[in-house]
Amino acid sequence: MNDAILLKRLKRAETRAQLLESWLEDKSRELYRSHEQLVLVNRRLSNMVAAMPGFVIAVHADMHITEINSTALQTLGFGEADLIDQPISRIWPHGLDRLMEFCLGEGDIRSVSHRTEEIWLRSDGQAIPVLVSTAVLQPETGMGQMGFLCVGLDLRERRALEIQLRHAQKMESVGQLAAGIAHEINTPLQYLSDNVHFIQDAFDAILEIQPAVEQLKKTCIDAGMREQVGAVIAAEAVADITYLQEQVPLAIHRSLEGIDRVSSIVAAVKTFSRTHQDQGAMDLNGVIQNTLEVARNEYKYVADIESHFGELPMVMGNAGEIGQVVLNLVVNAAHAIADRFGDGGPRGKIHIETSTQGKSVRVAVRDNGNGIPHEIRHRIFDPFFTTKEVGRGTGQGLTIVHSLVVDKHAGSVGFESVPGEGTVFHIDLPIDGKPQAKSR
Amino acid sequence: VKGVIFNIFEQFIVEKWGEEVFEDILAGAHLDSAEPFIGPATYPDEQIMALVVSASQKLQVPPEAATRAFGNFAFHVLAEKFPIFLKGIHDPKTFLLTVDKTIHVEVRKLYSGAVTPMFTYRDTEAQSLVIEYRSPRKLCPLMEGLISGLGEYYQSPIGCHHDRCLHKGDDCCEFHLSFSPRTHSKEEAVL
């Protein structure tokens, strides 16, 4: 090879080295920027995985856990060191079988398993229902190691909510049934009332002729006709007419009182079940009295009601909805009192007070129950939040109170509570009702 | 065309005919730029074609034959540079079936802007395979050379019948390949 060619090739090799060096620098910069972006993305993804309300668990092909997010650790009661490199069966007893079934049964490795409900185990051995979906982890090129990504959702809260919802639906049905029964009772109650009033009037009339009968008997006896009226006097003695004259009016009076009581309950139930009525001027004190009638069974065994009804103007609102608000507060108050004093303990007190506060009216429902613990105060208006056992509370009572007062009536709800001493709820309602949206 | 192909071309000419011949071929191609080719860069298709034409003139062989010989040589160089694509593959047919979905995908990831041909497979019999080749570059002789290099690599000659052809106005080149019954792979031979 001559020198000229050698020189040319050497020069070209030097240029190639310079070009490659320059290219490498460019690529290094690109790589650095890509790395920075990857770090950012990785950080975001890590934060997302950590913040997810569900479990995220990576499992190696040998069925050992390689990654687990904090939600899973907290819910399952483990530390990270307890589970990393441990078999998946430690927390998911059927995990190995399920993952193998999924792997063998799916043709496409990129598919995600159907979501199935599984039982997982906490560190204390408690079994919890978990909704699990699984994806196979495998790089697209077929290189690298295979594994699984399992995403799970703790179903315990959902199960509790479903039970509460079923209970709420049952209570709604019971309410509708009660309204129907109230309607059916009303008519016979009406003629029962009419007939007892008739009997009262008729007996009063009979009593009015009794002095004349006595006078007649006396005249007959004075005229020497004792023998002729003897049968009447004997019959009166047998019938104990004097006793009847005293007791029958009392019995009729008590019957009428009972009928009035039943009538007022039926009327209250009917009023209460009218849920779709529009806003109108309502007698708030009357609505509260009506509600107390309906709720009597809820509190009569545990508490006495004290009420102080202030002078109130007519308030614009939906009487049925406000009745529901007061009912929920009274029922809660009764439960709080029962929780504090228990069976056979002293009776509690529920104090209801109404007053005018400028352009609003205020209803205060105060009880001397067990109060609301500090740690749950921020949650008491949350839907389905309850501290009561299943069947006693649906967790919707105060949510409904808040919704009806704040959303439907543009009012406000507040409360003060001293644990162990009692709670007072304040409901403020604008006298003029919720401002209506102006139509064009 | 990626610079790595130009470099393999240079390596091919230098190994077979020497540096002076390569310099003559390079000079005969009358390329616009005198800059050397670097592997990761991309160069116009016309430049490789100009080099192939110049080589065929210099070596006095038809351009198709030159391209075919280059393809054969290139396979061995590529197999040495990128052994990962052959790892775990013990016969040429299995390898060919990975080209479109694995190797071309990786090439496009590795070399930004790389344009790879498109393969469609018809795999109906164990010892044969039909590949439909589509590429705007119409480098079917290169494909033939690569296939023969593949057969040499696995020490298992591949029968190649190039039927329909882009150069004849067909919509693709059709390679009917027949494989010898498997003997042993290069990896297995080493072991």
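In what follows, chains are A, B, ... by sequence order, proteins preceding strands, each numbered from 1. Both backbone and side-chain heavy atoms feed into the values below; hydrogens, waters and symmetry mates do not.
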| query | Checking heavy atoms, do the side chain of B:Asp24, its backbone, both or neither come under 4.5 Å from chain A? | reply | neither
| field | Residue from B:Lys168, B:Arg122, B:Arg134 passing salt bridge (Lys or Arg N to Asp or Glu O under 4.0 Å) with B:Glu174 | value | B:Arg122
| request: Go through the side-chain N and O atoms of B:Thr116 and B:Arg108 and say whether any donor and acceptor fall under 3.5 Å apart. | output: yes
| query | Side chain, backbone, both or neither: which part of B:Val21 has a non-hydrogen atom closer than 4.5 Å to chain A? | reply | neither
| said: Can you tell whether the side chains of A:Arg9 and B:Glu10 come within less than 4.0 Å, N to carboxylate O? | reply: yes
| remark: Among B:Gly3, B:Gly18, B:Pro36, the residue with the most heavy-atom pairs under 4.5 Å to chain A is B:Pro36
| Do A:Glu118 and A:His94 have side-chain atoms, one donor and one acceptor, less than 3.5 Å apart? | no
| Heavy-atom distance under 4.5 Å to chain B: side chain of A:Lys27, backbone, both or neither? | neither
